[in-house]
Amino acid sequence: AFYRKQAGTQLIFDEEKLLNTLPFQLRQELFDYLYGHIIRSIPLFEEEEDRFINELCFSVSPVICDDWELVYQMGDIGSEFYILVEGEVCIMKHVNRRHIIKGVLYDTRDLEANTTTTYKSKGSYFGEGTVLGYHERTEYAVIKDAGKLLSLPGESFKSLLDLYPAVRESLLIVYLSRLRHFTPGEIQKKVLTHINLTKLMDPETSKIRRN
């Protein structure tokens with residue numbers, strides 16, 4: 001589950017309501033102005049055509065986050081893909097659930113030992129497994145510093161990736177690399193049984209291609 005401050009949620013709701021009342025062309029230009037530069041900063045997307053970027057801009061929603069707020073927990077069934085706008089996100093392999101109160105991590109003494117990677121750059125993304133066929137979260141995502149994310153509904157993104165299979169393949173290759181480096185072997189096996197890897201297989205070796 002993703003927890004947000006009441007004030008932040010109200011602000012986001014009012015922003016979306018206002019944007020949706022604008023004429024289509026103006027709304028398209030405004031969404032591109034607000035989110036286009038962030039999405040284009042993602043290496044996987046930086047060379048994609050404007051139509052692809054525009055579709056993503058229309059689909060994302062801003063999310064305001066507090067210090068040490070959990071974006072999601074291991075075992076959650078999720079559907080959102082997240083893009084970092086401001087702040088810092090720690091991806092963790094373990095969190096003592098007794099240290100979580102109302103979606104916030106209150107004891108961070110084990111943070112360094114359990115953090116597998118940290119995202120600090122605008123345009124960093126995480127949670128991509130849900131759009132690639134595995135909906136159970138395989139890690140904890142924690143906001144280290146108060147910040148802002150863009151949330152992209154998984155179904156919207158999957159529909160778009162059906163039109164851009166090369167992007168999906170690139171996203172999948174990065175995801176598999178992350179799995180190899182940061183995820184325990186037994187979880188890797190569970191994930192791989194749910195994801196179609198046919199297009200990534202090398203016909204000569206019958207093994208998954210690597211970057």
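Keep in mind that the numbers below use all heavy atoms, side chains included, and drop hydrogens, waters and symmetry copies. The structure displayed is predicted, hence computed values, not measured ones.
L171 and L44 get closest at one heavy-atom pair: CD1-CD1, 3.6 Å. Listed here is the closest heavy atom pair of I42 and G123: CG1-O, 3.0 Å. Nearest heavy-atom pair across F126 and A141 is CE1-CB, 3.8 Å.
Under the ring pair (Phe, Tyr, Trp, His ring centres under 6.0 Å) criterion, no residue pair touches residues 102-123, with sequence neighbours excluded. Judged as a salt bridge (charged side-chain N to carboxylate O under 4.0 Å, His left out), the pairs with a partner in residues 119-134 (not counting sequence neighbours) are, in order, E128-R178.
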Side chains of residues 88-99: which donor-acceptor pairs under 3.5 Å do they make with residues two or more places apart or in other chains?
residue: N96; atom: OD1; partner: R98; partner atom: N; Å: 3.0
residue: N96; atom: OD1; partner: R98; partner atom: NE; Å: 3.4
residue: R97; atom: NH1; partner: Q73; partner atom: OE1; Å: 2.7
residue: R97; atom: NH2; partner: M74; partner atom: O; Å: 3.0

Anything under 3.5 Å between a donor and an acceptor, one on a side chain of residues 48-58, the other on a protein residue two or more places apart or in another chain? List them.
residue: E49; atom: OE2; partner: Y164; partner atom: OH; Å: 2.4
residue: N54; atom: ND2; partner: D50; partner atom: O; Å: 3.2

Show me, pair by pair, the donor-acceptor contacts under 3.5 angstrom made by side chains of residues 186-194, not counting sequence neighbours?
residue: Q188; atom: NE2; partner: L179; partner atom: O; Å: 3.1
residue: Q188; atom: NE2; partner: T183; partner atom: O; Å: 2.8
residue: T193; atom: OG1; partner: K190; partner atom: O; Å: 2.6
residue: H194; atom: ND1; partner: K190; partner atom: O; Å: 2.9

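Residues V71 and Y82 meet the side-chain proximity criterion, which asks for heavy atoms closer than 4.5 Å. Under the 4.5 Å side-chain criterion, counting only non-hydrogen atoms from C-beta, V63 is not in contact with L150. No side-chain heavy atom of P62 sits less than 4.5 Å from a side-chain heavy atom of L149. When side chains are defined from C-beta on, L132 counts as touching R168, because their heavy atoms get closer than 4.5 Å.
Listed for the D107 side chain is a donor-acceptor partner under 3.5 Å among the backbone atoms of R109. No donor-acceptor pair under 3.5 Å is formed between the side chain of T108 and the backbone N or O of L105.
Take F81 and apply the ring-ring contact (aromatic ring centres under 6.0 Å, His included) test, not counting sequence neighbours, and it matches Y125, F157. Under the side chain to side chain contact (heavy atoms under 4.5 Å, CB included) criterion, E112 pairs with no residue at all, not counting sequence neighbours. A search for salt bridge (Lys or Arg N to Asp or Glu O under 4.0 Å) contacts involving D110 returns nothing, not counting sequence neighbours. With sequence neighbours excluded, no residue forms a side chain to side chain contact (heavy atoms under 4.5 Å, CB included) with S159. Scored by the side chain to side chain donor-acceptor pair (under 3.5 Å) test, E86 finds no partners at all (sequence neighbours excluded). With sequence neighbours left out, the side chain to side chain donor-acceptor pair (under 3.5 Å) criterion links E29 to Q25. Every side chain to side chain donor-acceptor pair (under 3.5 Å) that D32 has, sequence neighbours left out, goes to R40.
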- Message: Run the side chain to side chain contact (heavy atoms under 4.5 Å, CB included) test on D66 and I143 for me, step by step, so that the C-alpha distance in whole Å, both residues' side-chain angles and the decisive distance to 0.1 Å come before the verdict.
- Response: CA-CA 7 Å; D66 279 331; I143 300 294; over 6 Å; no
- Message: Please determine whether side chain to side chain contact (heavy atoms under 4.5 Å, CB included) holds for the pair T115 and Y140, giving the CA-CA distance in whole Å, both sets of side-chain angles, and the decisive distance to 0.1 Å.
- Response: CA-CA 9 Å; T115 296; Y140 296 84; over 6 Å; no
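Among the candidates V60, I83, L30, the single residue satisfying the side-chain contact (heavy atoms from CB on, under 4.5 Å) test with Y35 is V60.
No side-chain donor-acceptor contact under 3.5 Å links E80 and Y72.
Taking OG1 from T130 and OH from Y175, the interatomic distance works out to 8.5 Å, rounded to the nearest 0.5 Å.
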